[in-house]
**Q** 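My questions all concern the structure below.
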Amino acid sequence: MRDAPFNPADLPHRRRNALTGEWVLVSPHRAQRPWRGGRETPPADSPPAYDPACYLCPGNERAGGARNPHYADTFVFTNDYTALLPEAPAADAPDHPLLTLETVRGVCRVICFSPRHDLTLARMDQAAVRRVVDVWIDQTLELGRQWRWVQVFENKGALMGCSNPHPHGQIWAGDALPNEPAREDAEQRRYFTDQGRPLLLDYAQLELAREERVVVQNEDWLAVVPFWAVWPFELLLLPRRRQIRRLPELSDSERGALAEILRRLLIRYDNLFQIDFPYSMGWHGAPFGDDGDEATAHWQLHAHFYPPLLRSATIRKFLVGYEMLAEVQRDITPEQAANRLRAVAEIHFAASPPDR
Ligand code: H2U
Ligand code: ZN
């Protein structure tokens with residue numbers, strides 16, 4: 001045993017997340033362990049195309065009394081329960097270094113992806129997904145004029161704590177740089193200083209050359225289960241051709257290619273366990289306010305997809321115990337997860353079979 005070569009597909013090891021500097025414990029030998037824990041209830045029947053009780057459907061009333069317009073494709077509004085407020089007085093200087101606190105200002109918005117209550121991004125056609133891409137870009141451009149960090153994200157599925165199946169995402173924009181992008185900023189900057197190239201542009205080339213973890217690709221984008229993935233079927237979506245610091249820098253054809261690859265990867269997600277696959281996804285790009293090419297030379301735009309499911313539609317992964325107290329851990333390797341996502345079709349399982 002001692003002389004056998006180390007095989008990371010069989011033996012415990014740790015991988016370093018090059019984007020955050022954090023380590024993940026990988027325990028592939030454990031993937032076959034029996035499961036006696038809880039099961040999620042199987043997903044309910046598909047919702048109606050219009051739900052009179054839904055606060056996101058066209059024409060309906062929201063909390064606080066505002067009424068949605070009869071929108072035809074996308075619709076953006078200020079969150080009625082906003083987590084950030086645009087105006088706040090400056091906080092007093094902390095009176096003890098252990099009790100540090102600062103004022104934060106910002107805005108929260110909700111984006112309806114479609115007037116149809118029963119759709120998801122995976123079930124929308126490419127033109128409709130492209131309209132969502134355009135809204136993400138327009139909102140990022142507008143909010144980036146005022147706020148340092150613009151977080152575009154989608155929380156999908158009851159498993160992710162999403163309250164409503166109506167296809168929607170959110171944007172929170174504020175004047176602070178939050179933890180995750182702050183770590184990514186530091187690690188990308190460090191790599192750029194050492195290597196002279198953006199970390200994620202090098203990473204995209206490396207993954208395209210190795211092919212082990214690539215799930216989908218087109219002329220402008222690739223999606224991989226990252227080498228350092230924590231969530232079983234986590235994906236990282238990256239530009240492959242050139243440095244793109246933020247969403248608004250995408251060309252028309254890169255936007256179209258983005259809509260195409262998004263649909264393909266989300267259909268694969270749904271097909272994996274034949275359900276509307278739950279996840280949190282969101283975009284990271286260079287913070288605003290760091291202007292000039294030099295200040296953002298280390299940044300590459302990317303999206304993260306974090307799905308909570310482990311090995312079936314009903315078994316979810318929890319980050320608890322060792323993971324809360326020591327470090328995060330996964331069982332199946334990222335390479336095995338990429339194989340499984342590559343093995344499923346790119347035609348949605350719910351799509352009716354073609355006429356013959
Ligand atoms: P989820 O994506 O987590 O389900 O959140 C939907 C958002 O919609 C949530 O942030 C907001 C909630 O505050 N909301 C409104 O803005 N108006 C409403 O009438 C209900 C929910
Ligand atoms: Zn609805």
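Along the sequence shown, the residues carry numbers beginning at 1. Start at 1 and go down the list; that is how both ligands and their atoms are numbered. Quick caveat, the model's predicted, so the values are computed rather than measured.
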**Q** Would a line drawn from the ring center of Trp136 to the ring center of Phe153 be shorter than 6.0 Å?
**A** no
**Q** Atom CZ in Arg263, atom NE2 in His348: separation rounded to 0.5 Å?
**A** 9.0 Å
**Q** In the single-linkage hydrophobic clustering (I, L, V, M, F, W, Y; side-chain heavy atoms under 4.5 Å), do Val24 and Tyr322 co-cluster?
**A** no
**Q** If the plane angle is over 60° it's perpendicular, under 30° parallel, otherwise tilted; pick one for Trp149 and His284.
**A** tilted
**Q** Tell me if the centroids of the rings in Trp231 and His304 come within less than 6.0 Å of each other.
**A** no
**Q** Nearest 0.5 Å, please: how far is CG in Leu119 from OG in Ser114?
**A** 4.5 Å
**Q** Tell me if the aromatic rings of Tyr279 and Phe277 count as close, with their centers under 6.0 Å from one another.
**A** no
**Q** Under 2.8 Å from the Zn ion (ligand 2), which protein atoms of type N, O or S occur, listed by chain and number?
**A** Cys54 SG, Cys57 SG, His117 ND1, His166 ND1
**Q** Could you check if a side-chain atom of Pro226 sits within less than 4.5 angstrom of a side-chain atom of Glu234, using non-hydrogen atoms only?
**A** yes
**Q** Please say yes or no: joined through hydrophobic side-chain contacts below 4.5 Å, possibly via intermediate residues, are Tyr203 and Trp283 part of one cluster?
**A** no
**Q** Give a table of atom pairs where an N or O of ligand 1 lies under 3.5 Å from a protein N or O.
**A**
residue, atom, partner, partner atom, Å
ligand 1, 2 (O), His168, NE2, 2.6
ligand 1, 2 (O), Gln170, NE2, 3.2
ligand 1, 4 (O), Ser163, N, 2.8
ligand 1, 4 (O), Ser163, OG, 2.8
ligand 1, 4 (O), His168, NE2, 3.4
ligand 1, 5 (O), Gln170, NE2, 3.2
ligand 1, 10 (O), Asn79, ND2, 2.8
ligand 1, 10 (O), Gln170, OE1, 3.4
ligand 1, 13 (O), Asn79, OD1, 2.7
ligand 1, 13 (O), Asn79, ND2, 3.4
ligand 1, 16 (O), Asn79, OD1, 3.2
ligand 1, 16 (O), Asp80, N, 2.8
ligand 1, 16 (O), Asp80, OD2, 3.3
ligand 1, 17 (N), Asp80, OD2, 2.6
ligand 1, 19 (O), Ala63, N, 2.7

